[in-house]
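Everything on this sheet refers to the single structure shown next.
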Amino acid sequence: SRVAADPGNFIAESDGLDNKGHRILTVAPAPTANLPSLAANIGFDPPGVVEGTPVTLVATVLNSGDATVEDVLVQFSDVTDGGQRPIGSVQTIESIPAGGSATAQVVYETTNRDGERKIKVTVDPYAVVHESDETDNTATRALLVTATAAPNLTIPSENIGFAPATVIEGSRVAVRVTVRNDGTAP
């Protein structure tokens with residue numbers, strides 16, 4: 001920055017050549033938060049479930065920046081089939097200090113959702129918080145939901161028999177059928 005006293009020389013002075021000075025002012029960037037979402041910070045309680053059992057999804061949200069951030073929104077979604085189905089409502093973390101962390105959680109219903117489910121966590125889903133890196137706010141982790149044990153009754157054609165093997169119209173015939181259970185439960 002440069003400064004000058006009496007730049008128009010309106011004041012009679014003994015030395016008018018020393019009326020100017022300069023000094024460098026260093027301006028540091030404003031503190032900013034950074035809210036990365038990491039797959040390793042997504043947890044499931046219980047960790048593996050049978051279809052129909054509710055699971056608590058837990059996300060530990062980090063603030064790797066140098067500013068405290070308030071009212072952090074966290075959205076949980078099921079992105080298994082390429083879409084983005086929200087799980088519960090958007091959660092709010094009141095405050096995360098610089099260098100600190102906090103958790104958000106929601107309950108996920110697994111009825112009719114067996115197999116490997118892809119659970120996505122998005123921190124600051126509406127990009128409200130000014131961050132040093134806006135590209136690291138999502139992470140995905142797989143949750144294995146085991147199918148409920150169920151019977152599966154089958155009748156292959158080789159399990160159907162007739163006695164006698166050839167029948168005349170109007171006569172009696174005995175039908176023998178063997179039903180198999182190829183399922184996982186009686």
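In this chain, numbering begins with 1 at the start of the sequence shown.
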Donor-acceptor contact present, side-chain Asp66 to main-chain Thr32, <3.5 Å: yes
Would you indicate whether the side-chain heavy atoms of Ile96 and Thr68 approach each other to under 4.5 Å? no
side-chain contact (heavy atoms from CB on, under 4.5 Å), that's the test. Do Leu35 and Asn63 meet it? Break it down for me. CA-CA 5 Å; Leu35 304 170; Asn63 179 358; 4.1 Å; yes
Side chains of Arg85 and Ser77 in contact at under 4.5 Å (non-hydrogen atoms): no
If you apply the rule side-chain contact (heavy atoms from CB on, under 4.5 Å), what do you find for Val55 with Leu143, and how did you get there? CA-CA 10 Å; Val55 179; Leu143 168 67; 4.3 Å; yes
Please examine the side chains of Glu51 and Asn112, heavy atoms only from C-beta on, and report whether any two atoms are closer than 4.5 Å. yes
What heavy-atom pair brings Ile93 and Val61 nearest, and what distance separates the two atoms? CD1-CG2, 3.8 Å
Has the side chain of Arg141 got a donor or acceptor atom that lies under 3.5 Å from a matching backbone atom of Ile42? yes
Find the distance between CG (Asp136) and CG (Asp124) and round it off to the nearest 0.5 Å. 10.5 Å
Please assess Thr140 against Val79 for the test side-chain contact (heavy atoms from CB on, under 4.5 Å), listing each intermediate value before the final yes or no. CA-CA 9 Å; Thr140 304; Val79 295; 4.2 Å; yes
If you group Ile, Leu, Val, Met, Phe, Trp and Tyr by side-chain heavy-atom gaps below 4.5 Å, do Leu153 and Val175 land in one group? yes
Evaluate the criterion side-chain contact (heavy atoms from CB on, under 4.5 Å) for residue pair Val129 and Glu131; output intermediate values, then yes/no. CA-CA 6 Å; Val129 177; Glu131 298 178 65; 3.9 Å; yes
Any side-chain heavy atom of Val106 sitting closer than 4.5 Å to one from Gln91? yes
Would you please say whether a donor-acceptor pair under 3.5 Å links the side chains of Asn34 and Ser64? yes
Treat each ILVMFWY residue as a node, draw an edge where side-chain heavy atoms are under 4.5 Å apart, and state whether Val58 and Tyr108 are in one component. no
Taking the side chain as every heavy atom from C-beta outward, state whether Leu38 and Leu62 have any pair of such atoms under 4.5 Å apart. yes
Report the residues that fulfil side chain to side chain contact (heavy atoms under 4.5 Å, CB included) with Thr111, sequence neighbours left out, ordered by chain and then residue number. none
Does some side-chain heavy atom of Thr138 sit less than 4.5 Å from a side-chain heavy atom of Val121? no
Pair Thr154, Asp182: side-chain N/O donor-acceptor within cut-off below 3.5 Å: yes
Is it the case that the side chains of Asp78 and Gln84 hold a donor-acceptor pair, with the cut-off being a distance below 3.5 Å and no angle test? no
